[in-house]
Amino acid sequence: MVVVWFKRDLRLEDHEPLTRALASGEKVLLLYSFESFWTQDPHYSDLHIDFIQEGLEEIQLKLKEYDTKILILSDYIPEILKKIHSKEPIKALYSHMEAGMDITYTRDKAVKKWCTQNSIHWHEFAQNGLWRALKNRQKWRDHWISQMKAPIHIPSFLPTTYYTASEIDGLSGALKLVPLELNITHKKGIQIGGSLNGWKYLHSFMTKRISGYQKYYSKPLESRLHSGRISPYLAWGMLSTKQVLQYVTRHQKQVSNKRNINGFLSRLSWQAHFIQKFEMEPSIEFDAVNKGYAALNKTVIPAHQLAWRQGQTGVPMVDAAIRCLVQTGFVNFRLRAMLASFFTHLLWQPWQDATTHLSQMFLDFEPGIHFPQLQMQAGETGINNLRIYNPTKNGKEHDQDAIFIKKWVPELKNLDINFAHEPYLMTPLEQQMYDFTLGKDYPKPIVDLKKTRKRASDILWNLKKNSQVKEENKRILLKHTLSNRNILLTDNINSLTS
């Protein structure tokens with residue numbers, strides 16, 4: 001037999017490992033496992049597990065048409081393969097490459113070792129333009145565009161090319177492999193998994209919601225409607241970047257404002273850029289990409305971190321953003337950047353302490369985006385502009401009427417707009433007028449925003465002058481900078497559809 005191992009690629013179309021395996025002439029077994037080493041890792045949460053299960057449920061319903069299914073387990077993949085191979089020899093393993101965390105890379109090395117020891121060919125296929133073992137970016141962009149232009153892979157489920165559902169049950173029973181029953185407890189307000197839902201979001205975006213994309217991209221309330229909202233489907237592979245790009249470019253003529261389409265396509269290309277960056281330098285998961293920032297010494301303050309996680313910092317825009325994220329799994333890019341900036345700059349806490357809470361809450365948790373972006377917002381790359389977000393200023397500019405704040409921080413709903421943004425400015429008399437007590441009904445700010453902003457700015461700007469930081473900047477630019485970075489992806493729309 002040959003085995004197709006599903007990971008962050010929960011779809012049937014544009015799945016090259018599946019297509020190649022079905023065309024191999026061998027009998028195909030489909031496999032997925034909720035391995036405990038990653039399901040119990042603090043970067044993951046039930047939010048992700050439910051979304052994955054919804055995607056798998058959709059695939060199972062589709063496969064039922066062909067009288068087959070994915071064997072879904074909860075065991076360690078190397079052990080599963082070993083058991084299967086002892087019963088029915090595995091000729092080859094098919095899967096996608098993954099720019100994952102260190103824990104999944106360690107697992108992949110164990111799979112590689114087992115395959116080598118047993119003379120099993122592991123066919124790994126790149127997806128979303130990922131280029132393994134790349135040393136610099138000189139040719140990456142052309143390679144990525146070439147990959148995005150390639151045909152969509154459509155699997156052919158012909159009789160006798162795969163194990164039937166009953167054969168899979170018989171195999172798992174003989175090997176005492178306990179199939180995992182999907183147990184979905186969907187949370188209200190969270191996007192539902194599965195490729196079909198991904199396509200629905202993309203279609204509604206291209207036909208209607210894209211009209212406000214650029215205008216509302218930074219607005220905390222309006223962006224929930226006018227963003228693409230397909231990032232979770234890309235993160236878990238329910239849609240491929242290639243599928244999205246080719247669909248968007250085919251339908252671009254129906255979008256009247258080209259700035260909207262160009263902005264969306266540009267962000268898709270930058271997503272791929274960051275995932276490639278993480279693949280090329282996976283140590284970013286643990287350490288600053290610029291080694292000069294190891295000199296930073298931040299004292300961990302558990303009470304500050306707890307207040308940030310619970311949305312009790314006394315800074316309304318920060319608290320509204322984190323509470324919204326916890327409840328819905330989504331906030332826009334500006335709010336994500338602000339949350340990271342507040343934690344690392346104004347609270348002066350190490351970015352490593354923010355990784356797990358944010359990743360658990362982001363429905364679209366993608367390691368290749370998560371770690372590089374978190375470091376960028378923390379100001380520890382050395383090559384990017386230092387951005388210390390002012391949460392009050394951001395609130396007044398992008399939530400002028402405090403609608404978003406009052407929705408997610410209802411303690412402030414009866415205050416006028418100015419006080420909803422800055423309740424700490426209320427005098428005792430004003431608090432009495434509103435029947436509101438600062439420190440009781442809503443906390444006082446846990447830090448002085450002006451003082452902590454200046455402290456962070458002074459330290460980080462001075463560190464930019466450090467000789468090691470400067471040397472690291474040269475290395476980073478040489479390794480990760482696109483040679484033609486000023487040429488937008490949108491300049492090549494015609495080439496993508498040709």
Chemist: For the residue pair Val248 and Met206, what are the closest heavy atoms and their distance?
Modeler: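 Distance-wise, the nearest heavy atoms are O-CE, 3.8 Å.
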
Chemist: Salt-bridged, Asp287 to Lys291, with N to O below 4.0 Å?
Modeler: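 A salt bridge is absent here (no side-chain N lies under 4.0 Å from a carboxylate O).
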
Chemist: For the backbone of Gly129 and the side chain of Gln147, can you confirm whether one donor and one acceptor N or O come within less than 3.5 Å of each other?
Modeler: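 No, because the side chain of Gln147 does not come within donor-acceptor range (under 3.5 Å) of the backbone of Gly129.
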
Chemist: Which atom pair, heavy atoms only, marks the closest approach of Pro372 to Ile284?
Modeler: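 Closest approach of Pro372 to Ile284, heavy atoms only: N-CG2, 3.9 Å.
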
Chemist: Taking Arg229 for the side chain and Arg224 for the main chain, is one N or O donor matched with an acceptor at less than 3.5 Å?
Modeler: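 Yes; judged by distance alone, with no hydrogens or angles, the pair exists.
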
Chemist: Relative to each other, are the rings of Phe264 and Tyr213 parallel, tilted or perpendicular (30° and 60° limits)?
Modeler: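 Perpendicular.
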
Chemist: Within 45° of the axis and under 6.0 Å from the centre of the six-membered ring of Phe333, does NZ or CZ of Arg267 qualify?
Modeler: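 Not flagged: Arg267 not positioned over aromatic ring of Phe333.
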
Chemist: Enter the distance from Glu13:CD to Gln243:CD here, rounded to the nearest 0.5 Å.
Modeler: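 Here the rounded value is 6.5 Å.
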
Chemist: Using the side chain to side chain contact (heavy atoms under 4.5 Å, CB included) rule, take Arg455 and Lys451 through it: C-alpha gap first, then chi angles, then the decisive distance, then the call.
Modeler: CA-CA 6 Å; Arg455 173 190 61 185; Lys451 288 183 179 179; over 6 Å; no

Chemist: Yes or no on side chain to side chain contact (heavy atoms under 4.5 Å, CB included) for Met317 and Thr392, after CA distance, side-chain angles and deciding distance?
Modeler: CA-CA 7 Å; Met317 199 60 185; Thr392 304; over 6 Å; no

Chemist: Is there a salt bridge (Lys or Arg N to Asp or Glu O under 4.0 Å) between Arg475 and Glu281? Walk through the geometry before answering.
Modeler: CA-CA 12 Å; Arg475 180 192 66 80; Glu281 198 148 359; 3.0 Å; yes

Chemist: Can you check whether Phe6 reaches His15 side chain to side chain, under 4.5 Å on heavy atoms?
Modeler: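 Side-chain contact under 4.5 Å: yes.
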
Chemist: Do the side chains of Leu347 and Ile446 get nearer than 4.5 Å, heavy atoms only?
Modeler: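 Of all side-chain heavy-atom pairs linking Leu347 with Ile446, at least one is under 4.5 Å.
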
Chemist: Quick one: pull up CG in Asn466 and NZ in Lys464 and give me the separation to the nearest 0.5 Å.
Modeler: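 Taking CG in Asn466 and NZ in Lys464, the distance rounds to 12.0 Å.
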
Chemist: Between Phe274 and Trp270, how do the two ring planes meet: parallel, tilted or perpendicular, split at 30° and 60°?
Modeler: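 Geometry flag for Trp270 against Phe274: tilted rings.
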
Chemist: I want to check a possible cation-pi pair here: Arg107 against Phe37, using under 6.0 Å from ring centre and within 45° of the ring axis as the test.
Modeler: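 So Arg107 doesn't make the cation-pi contact.
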
Chemist: Regarding Gln373 and Gln377, do their side chains bring together a donor and an acceptor under 3.5 Å, going by distance alone?
Modeler: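 The answer is yes; a qualifying pair exists.
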
Chemist: How close do Pro350 and Val300 get, counting heavy atoms only, and between which atoms?
Modeler: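 Looking at all heavy atoms of both residues, the closest pair is CG-CG2, 4.1 Å.
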
Chemist: Using 30° and 60° as the class boundaries, would you call the ring planes of Phe371 and Phe278 parallel, tilted or perpendicular?
Modeler: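 Geometry flag for Phe278 against Phe371: parallel rings.
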
Chemist: With heavy-atom distances below 4.5 Å as the criterion, would you say the side chains of Lys215 and His226 are in contact?
Modeler: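 Contact flag for Lys215/His226 side chains = no.
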
Chemist: Heavy-atom count check: over 12 atoms from other residues, nucleotides or ligands less than 6.0 Å from Lys258 NZ?
Modeler: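 For Lys258, atom NZ is crowded (more than 12 foreign heavy atoms under 6.0 Å).
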
Chemist: If you compare all heavy atoms of Val331 against all heavy atoms of Ala321, which two are closest, and at what distance to 0.1 Å?
Modeler: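 So the two residues come closest at CG1-O, 3.6 Å.
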
Chemist: Rounded to the nearest 0.5 Å, what separates atom CG in Leu202 from atom NE2 in His251?
Modeler: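 Atom-to-atom, Leu202:CG and His251:NE2 are 9.0 Å apart.
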
Chemist: Nearest 0.5 Å please: distance from the CG atom of Asn390 over to the CG atom of Asn394.
Modeler: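 If we round to the nearest 0.5 Å, Asn390:CG and Asn394:CG are 7.0 Å apart.
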
Chemist: Below 6.0 angstrom between ring centroids: does that apply to Phe342 and Trp308?
Modeler: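 No - the distance between ring centres of Phe342 and Trp308 does not fall below the 6.0 Å cut-off.
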
Chemist: Please assess Tyr389 against Val318 for the test side chain to side chain contact (heavy atoms under 4.5 Å, CB included), listing each intermediate value before the final yes or no.
Modeler: CA-CA 11 Å; Tyr389 283 72; Val318 172; over 6 Å; no

Chemist: Heavy-atom count around Tyr105 OH within 6.0 Å, excluding the residue itself: above 12?
Modeler: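 Open.
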
Chemist: Is the distance from the ring center of His48 to that of Trp236 below 6.0 Å?
Modeler: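 That pair passes the under 6.0 Å test.
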
Chemist: Please give me the minimum heavy-atom distance between Ile120 and Ala92, naming the atom from each residue.
Modeler: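 Here Ile120 and Ala92 meet closest at CG2-CA, 3.8 Å.
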
Chemist: If you measure from CG on Leu239 to CG on Asn128, what distance do you get to the nearest 0.5 Å?
Modeler: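 Separation between the atoms: 10.0 Å.
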
Chemist: Heavy atoms, side chains only, cut-off 4.5 Å: are Thr207 and Gln254 in contact?
Modeler: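 SC-SC contact between Thr207 and Gln254 confirmed.
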
Chemist: Does some side-chain heavy atom of Arg309 sit less than 4.5 Å from a side-chain heavy atom of Gln305?
Modeler: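 Gln305 reaches Arg309 side chain to side chain.
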
Chemist: Just wondering, do Tyr293 and Glu472 contact through their side chains at under 4.5 Å, heavy atoms?
Modeler: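 No, their side chains stay 4.5 Å or more apart.
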
Chemist: Establish, for the pair Arg8 and Phe365, whether the NZ or CZ atom is under 6.0 angstrom from the six-membered ring centre and no further than 45 degrees off its axis.
Modeler: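 Yes, Arg8 sits over the ring of Phe365.
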
Chemist: Specify the closest pair of heavy atoms between Ile322 and Gly311, including all atoms of both residues, with the distance to one decimal.
Modeler: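 Heavy-atom minimum between the residues: CG2-CA, 3.2 Å.
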
Chemist: Evaluate Glu380 against Val289 for side chain to side chain contact (heavy atoms under 4.5 Å, CB included), listing each step before the verdict.
Modeler: CA-CA 7 Å; Glu380 295 190 26; Val289 63; over 6 Å; no

Chemist: Are side-chain heavy atoms of Glu397 and Arg334 found at a separation under 4.5 Å?
Modeler: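 No, side chains not in contact.
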
Chemist: With salt bridge (Lys or Arg N to Asp or Glu O under 4.0 Å) as the rule and sequence neighbours excluded, what pairs involving residues 190-212 come up?
Modeler: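 Salt bridge (Lys or Arg N to Asp or Glu O under 4.0 Å) check on residues 190-212 returns no pairs.
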
Chemist: Between His273 and Arg137, does a side chain to side chain donor-acceptor pair (under 3.5 Å) hold up when you go through it step by step?
Modeler: CA-CA 10 Å; His273 164 78; Arg137 294 301 189 95; 2.8 Å; yes

Chemist: For the OG atom of Ser359 and the OH atom of Tyr44, what is their distance to the nearest 0.5 Å?
Modeler: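 With rounding to 0.5 Å, OG (Ser359) is 8.0 Å from OH (Tyr44).
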
Chemist: Could you tell me whether the side chain of Ser227 and the main chain of Ser223 form a donor-acceptor pair under 3.5 Å?
Modeler: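 Answer holds: yes.
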
Chemist: Would you find more than 12 non-hydrogen atoms of other residues, nucleotides or ligands less than 6.0 Å from Lys474 atom NZ?
Modeler: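 No, because the 6.0 Å sphere around NZ of Lys474 holds 12 heavy atoms or fewer from other groups.
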
Chemist: Is any side-chain heavy atom of Asn136 closer than 4.5 Å to a side-chain heavy atom of Lys479?
Modeler: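 A side-chain contact under 4.5 Å is absent here.
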
Chemist: For residues His203 and Tyr247, is any side-chain donor paired with an opposing acceptor at under 3.5 Å?
Modeler: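 Checked: His203/Tyr247 side chains pair up, N/O donor to acceptor below 3.5 Å.
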
Chemist: Spell out, as yes or no, whether a donor-acceptor pair under 3.5 Å connects the side chain of Gln276 to the backbone of Trp131.
Modeler: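 Side chain of Gln276 to backbone of Trp131, a donor-acceptor pair under 3.5 Å: yes, one is there.
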
Chemist: Please check if the number of heavy atoms outside Arg259 that lie under 6.0 Å from its CZ is greater than 12.
Modeler: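 12 or below, so no.
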
Chemist: Applying side chain to side chain donor-acceptor pair (under 3.5 Å), name anything that partners Tyr76, two or more places apart in sequence or on another chain.
Modeler: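 Result, side chain to side chain donor-acceptor pair (under 3.5 Å) vs Tyr76: none returned.
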
Chemist: Parallel, tilted or perpendicular: which describes the rings of Phe125 and Tyr94, with under 30° parallel and over 60° perpendicular?
Modeler: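 Geometry flag for Tyr94 against Phe125: parallel rings.
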
Chemist: Give a yes-or-no answer on whether the side chains of Thr313 and Asp319 include a donor-acceptor pair shorter than 3.5 Å.
Modeler: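 Asp319 and Thr313 do have a side-chain donor-acceptor pair below 3.5 Å.
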
